[in-house]
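As the structure is a prediction and not an experimental result, all values here were calculated from the model. Every chain is numbered from 1 and lettered A, B, ... according to where its sequence line falls, protein lines coming before strand lines.
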Protein chains: 4
Amino acid sequence: MSATSTPPTTEPPEPPAPRARSGNRRDEAARLAVLHAADDLLAEQGFAALTVEAIARRAGVAKQTIYRWWPSKVEILLDTLIEDSAKTLPVPADRPTAAAVRGYLHDFARFLDRDPAGKVLLTLLAQAQHDPGTAASLHRRHLGPRRAQERAWLAAAADAGELAPALDLDAVLDALTGPLVYAAMTGAPARPELVDTLVDRLLAPRG
Amino acid sequence: MSATSTPPTTEPPEPPAPRARSGNRRDEAARLAVLHAADDLLAEQGFAALTVEAIARRAGVAKQTIYRWWPSKVEILLDTLIEDSAKTLPVPADRPTAAAVRGYLHDFARFLDRDPAGKVLLTLLAQAQHDPGTAASLHRRHLGPRRAQERAWLAAAADAGELAPALDLDAVLDALTGPLVYAAMTGAPARPELVDTLVDRLLAPRG
Amino acid sequence: MSATSTPPTTEPPEPPAPRARSGNRRDEAARLAVLHAADDLLAEQGFAALTVEAIARRAGVAKQTIYRWWPSKVEILLDTLIEDSAKTLPVPADRPTAAAVRGYLHDFARFLDRDPAGKVLLTLLAQAQHDPGTAASLHRRHLGPRRAQERAWLAAAADAGELAPALDLDAVLDALTGPLVYAAMTGAPARPELVDTLVDRLLAPRG
Amino acid sequence: MSATSTPPTTEPPEPPAPRARSGNRRDEAARLAVLHAADDLLAEQGFAALTVEAIARRAGVAKQTIYRWWPSKVEILLDTLIEDSAKTLPVPADRPTAAAVRGYLHDFARFLDRDPAGKVLLTLLAQAQHDPGTAASLHRRHLGPRRAQERAWLAAAADAGELAPALDLDAVLDALTGPLVYAAMTGAPARPELVDTLVDRLLAPRG
DNA sequence: GCGTAAGCGAGACGGTACGTCTGGTCTTCCT
DNA sequence: AGGAAGACCAGACGTACCGTCTCGCTTACGC
């Protein structure tokens with residue numbers, strides 16, 4: 001379960017217990033309740049059920065509370081994605097070895113296939129096709145920063161002679177992650193050998 | 001302009017000229033008007049503007065006419081995608097050479113970047129993330145048949161010794177098309193050298 | 001019960017039976033359901049409960065159907081008032097005698113005190129104090145036409161020598177009905193001798 | 001301008017200057033600011049704009065300050081009505097002559113037509129139709145005490161032989177004030193001859 | 001003179017209703 | 001028969017107020 005989701009032992013459709021009010025400070029419990037509710041609704045009922053009204057109902061929160069803090073439901077998902085992916089799938093910063101890169105890509109494949117936050121990423125990528133605002137937010141707040149970290153990490157590995165990227169790093173990262181994302185989007189199961197082959201052919205020093 | 005779209009000399013926002021009525025046979029003119037209208041609306045205004053009412057209005061057709069023949073607007077897009085991609089980007093069946101494969105992938109990259117039908121494909125892939133029904137239709141009517149043709153074509157090329165695929169053909173096709181789709185989805189410009197590198201590293205017989 | 005209300009044997013809080021759809025003509029059943037629901041809600045729960053959402057819920061009608069045909073809930077009440085008062089309290093047109101005038105005023109007092117439509121009139125008069133639009137509609141559609149009929153009727157009685165109005169007819173009508181309305185508004189019980197005295201002192205030819 | 005309103009030279013929409021804080025005693029300045037704001041809002045924008053939030057905003061006061069001291073906005077209006085009507089339209093207590101009664105009624109008609117506090121009375125009478133709580137407060141705090149004074153005053157005049165009421169005093173008072181209130185409620189202009197005729201026919205000793 | 005108590009402005013909170021919008025269904029009329 | 005027209009139910013949209021609550025501050029009182 002993703003980091004912002006309620007533990008699996010709790011009851012999705014129960015009346016949310018009344019939280020203590022916070023006065024004139026932002027209520028962290030309300031913020032978390034919204035993120036959890038959005039996460040859970042997406043996982044359980046799909047994107048079509050992810051309406052502001054449903055999130056508010058499930059979180060035990062007023063619609064106005066959501067509109068006060070988030071400009072759209074997409075930004076709610078983006079918040080959950082950022083918080084969850086930082087915990088579940090951090091970009092390594094310290095071990096620029098070939099094996100570490102391979103491991104990171106395996107983790108990424110598993111993230112897309114199994115982690116609810118992976119579904120959130122696919123959902124946001126999809127929504128970005130429909131809405132330029134989503135595309136901009138997704139790049140600015142998630143894809144851009146993450147890609148920058150990945151690029152720096154790969155560059156360090158290349159400098160260390162661990163890797164010999166076949167192309168510029170952005171193109172290589174597209175070539176490595178693109179197949180995983182595309183497979184996840186078309187419902188294909190995870191294929192570990194795909195990751196291994198990609199790393200071998202696109203990153204490994206030849207011969 | 002995609003094959004089902006009105007030629008550029010015609011007027012998108014004009015009052016649609018009254019078509020001759022067809023009596024008790026399905027009206028082919030109405031069918032085409034719907035496909036054109038959907039195509040044009042998606043290209044001009046984006047997915048959010050692609051409502052059944054807008055399509056009906058633009059096509060000069062009753063909503064009921066659309067609901068009678070298509071279960072959803074997704075199926076309309078699928079119809080245009082199938083008809084257009086068959087014309088614009090046919091899977092070659094005759095020349096199983098390495099160069100032909102490379103050319104096909106370059107064509108595919110250009111299709112995603114420039115052809116309105118490429119945008120339709122991205123839109124349907126996106127919608128498939130939101131709606132399992134779309135995912136099923138997209139596979140059954142487009143991705144599945146096309147992938148079968150591509151697989152057969154690559155198999156012929158491999159048999160002919162033109163290629164030495166690094167993995168099973170489905171995985172290789174994901175590895176080849178995935179980066180192109182992912183790049184198009186994240187707004188990256190077309191990179192011909194990406195295609196070349198992918199073909200070299202994943203398909204070329206190792207020298 | 002007022003004319004547009006459901007008979008007392010029917011069930012207020014039951015799920016409204018699905019009505020037959022009307023196609024592209026206005027649905028008279030929906031119109032009546034709205035009028036009944038508004039009438040009943042006002043009588044049972046008061047003006048505060050008379051929300052468009054509650055009317056729609058009770059009538060088994062979509063909110064849009066209400067907004068399509070009525071610019072505001074006030075116009076719904078005005079419709080019920082006009083239909084009901086035409087049946088319950090018609091302005092006599094035929095017997096311009098002093099006794100008939102006295103009887104009409106007694107009927108008016110009873111209408112205000114007991115008829116649900118009397119409550120509707122008081123409600124609309126009240127709402128007219130809050131909203132100029134209500135005031136205008138109330139005058140144009142109810143008070144104006146009704147006052148014109150009453151004036152003509154009194155004029156005929158005066159011509160016949162039955163009455164000797166103490167003032168111009170509009171002022172006399174204010175003097176006759178004003179006390180009844182004011183008493184009803186302040187919750188006073190009906191006082192028959194008030195009507196009799198008013199008629200004696202303001203209309204009767206001085207003996 | 002009514003007694004609780006800001007002088008006309010002040011600017012309604014400017015940022016209210018911060019008042020000195022009062023410590024743990026009730027802040028009279030805040031109390032007056034609320035009464036003024038309510039009065040002004042009602043006069044300028046009508047009842048619909050008279051929300052607690054708007055009063056608080058305009059008075060430069062926290063909502064909680066309003067809810068601490070008034071159970072509802074109706075009670076705010078009632079406070080202004082009581083204070084203003086005691087100044088603008090006191091019930092005479094000393095000169096129980098026929099002419100004084102006639103003068104009081106003329107004053108009352110002018111109060112309804114021109115004084116902002118007259119609008120407040122009409123507003124509260126209207127609101128009493130919608131809300132039993134308002135009706136009770138209006139009677140208990142304004143209509144009841146005032147009617148008692150008027151009754152006593154008329155009784156003194158009758159005892160003195162100045163008047164010969166046609167009915168019990170409450171009914172006579174309804175008959176005298178009802179037409180004036182009803183005319184004001186339906187937007188009729190003041191008619192001095194109406195007052196004179198009512199006094200003549202309902203109060204004057206029959207010559 | 002310092003703690004306690006209350007009033008204050010501010011503003012977040014869970015709610016309800018608003019009036020608008022679109023989707024998908026249904027019926028009637030017309031060609 | 002089939003297309004055009006449009007009314008219908010359903011329900012999400014984003015906004016405005018409701019009345020409650022807590023916060024951090026300020027002032028007055030009493031020990």
Side-chain angles (χ1 to χ4, degrees), chain A residues 16 18-27 29-31 48-54 56-57 59-69 71-73, chain B residues 18-27 29-30 48 51-54 56 60-69 71-73, chain C residues 16 18-27 29-30 48-54 56 59-69 71-73, chain D residues 16 18-27 29-31 48-54 56-57 59-69 71-73:
Chain A
R19 289 174 285 97
R21 294 294 180 79
S22 64
N24 69 354
R25 288 281 179 272
R26 176 161 186 185
D27 186 344
R31 182 185 147 265
L50 194 75
T51 66
V52 173
E53 311 233 11
R57 202 153 42 229
V61 141
K63 282 198 319 180
Q64 183 57 35
T65 298
I66 297 182
Y67 286 114
R68 184 158 26 234
W69 297 108
S72 74
K73 63 190 177 191
Chain B
R19 288 173 283 97
R21 295 294 179 73
S22 63
N24 68 359
R25 287 281 180 275
R26 174 161 186 187
D27 186 343
T51 67
V52 172
E53 309 225 90
V61 143
K63 282 199 316 184
Q64 184 57 33
T65 300
I66 297 181
Y67 286 115
R68 195 176 349 256
W69 296 108
S72 75
K73 64 189 178 191
Chain C
R19 290 173 285 95
R21 293 293 182 79
S22 63
N24 69 355
R25 288 280 179 272
R26 175 160 187 185
D27 186 343
L50 193 76
T51 67
V52 172
E53 310 233 11
V61 143
K63 282 196 322 180
Q64 184 56 34
T65 299
I66 296 183
Y67 285 112
R68 187 169 8 246
W69 297 109
S72 74
K73 64 188 177 190
Chain D
R19 289 173 284 96
R21 293 296 181 78
S22 63
N24 70 355
R25 286 283 178 270
R26 175 161 188 186
D27 186 345
R31 182 185 147 264
L50 194 75
T51 66
V52 172
E53 309 234 12
R57 203 152 42 227
V61 142
K63 282 198 319 181
Q64 184 57 35
T65 298
I66 296 182
Y67 285 111
R68 187 167 11 243
W69 298 108
S72 74
K73 66 189 176 190

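- Rounded to a whole Å, the CG atom of C/Asp27 is 11 Å from the P atom of E/dT28.
- Side-chain atoms of C/Arg25 lie closest to E/dC29 of the nucleotides F/dC13, E/dC18, E/dC29.
- Distance from the side chain of A/Arg68 is smallest for E/dC13 among the nucleotides E/dC13, E/dG7, F/dC8.
- Relative to the side chain of C/Thr65, the nucleotides F/dC8, F/dG14, F/dT22 differ in distance, and F/dC8 lies closest.
- Closest contact between the side chain of A/Lys63 and the listed nucleotides F/dA12, F/dA10, F/dT15 involves F/dT15.
- Each of A/Glu53 and D/Tyr67 was assigned the nucleotide of DNA chain F with the nearest heavy atom; the assignment lying further toward the 5' end belongs to A/Glu53.
- Taking both residues in full, the closest heavy atoms of B/Val52 and B/Lys73 are given as CG2-CB, 4.4 Å, listed atom of the first, atom of the second, then distance.
- With distances taken from any side-chain atom of D/Lys73 to the nucleotides E/dC8, F/dC18, F/dC13, the minimum falls on F/dC18.
- The nucleotide whose nearest atom lies closest to any side-chain atom of A/Gln64 is, among F/dC13, F/dC17, F/dG3, F/dC17.
- Considering only the side chain of D/Val52, F/dG19 comes nearest among F/dG19, F/dC13, F/dA7.
- Both tests hold for C/Arg26 against C/Trp69: distance to the six-membered ring centre under 6.0 Å, angle to the ring axis within 45°.
- Heavy atoms only, all atoms of each residue included: A/Ala62 and A/Ala56 are closest at C-CB, 4.2 Å.
- Side-chain contact between C/Arg68 and C/Thr65 is present, with at least one heavy-atom pair separated by less than 4.5 Å.
- One finds a side-chain N or O of B/Thr51 lying less than 4.0 angstrom from the OP1 or OP2 phosphate oxygen of E/dG23.
- Summary of the strand contacts: A/Trp69 and B/Ser72 both lie near DNA chain E, and taking for each the nucleotide with the nearest heavy atom, the more 5' one is attributed to A/Trp69.
- Checking F/dA12, F/dA10, E/dA10 against every side-chain atom of C/Ala62, the shortest atom distance belongs to F/dA10.
- Here the nucleotide nearest the side chain of D/Asn24, chosen from F/dC8, F/dA28, E/dA12, is F/dA28.
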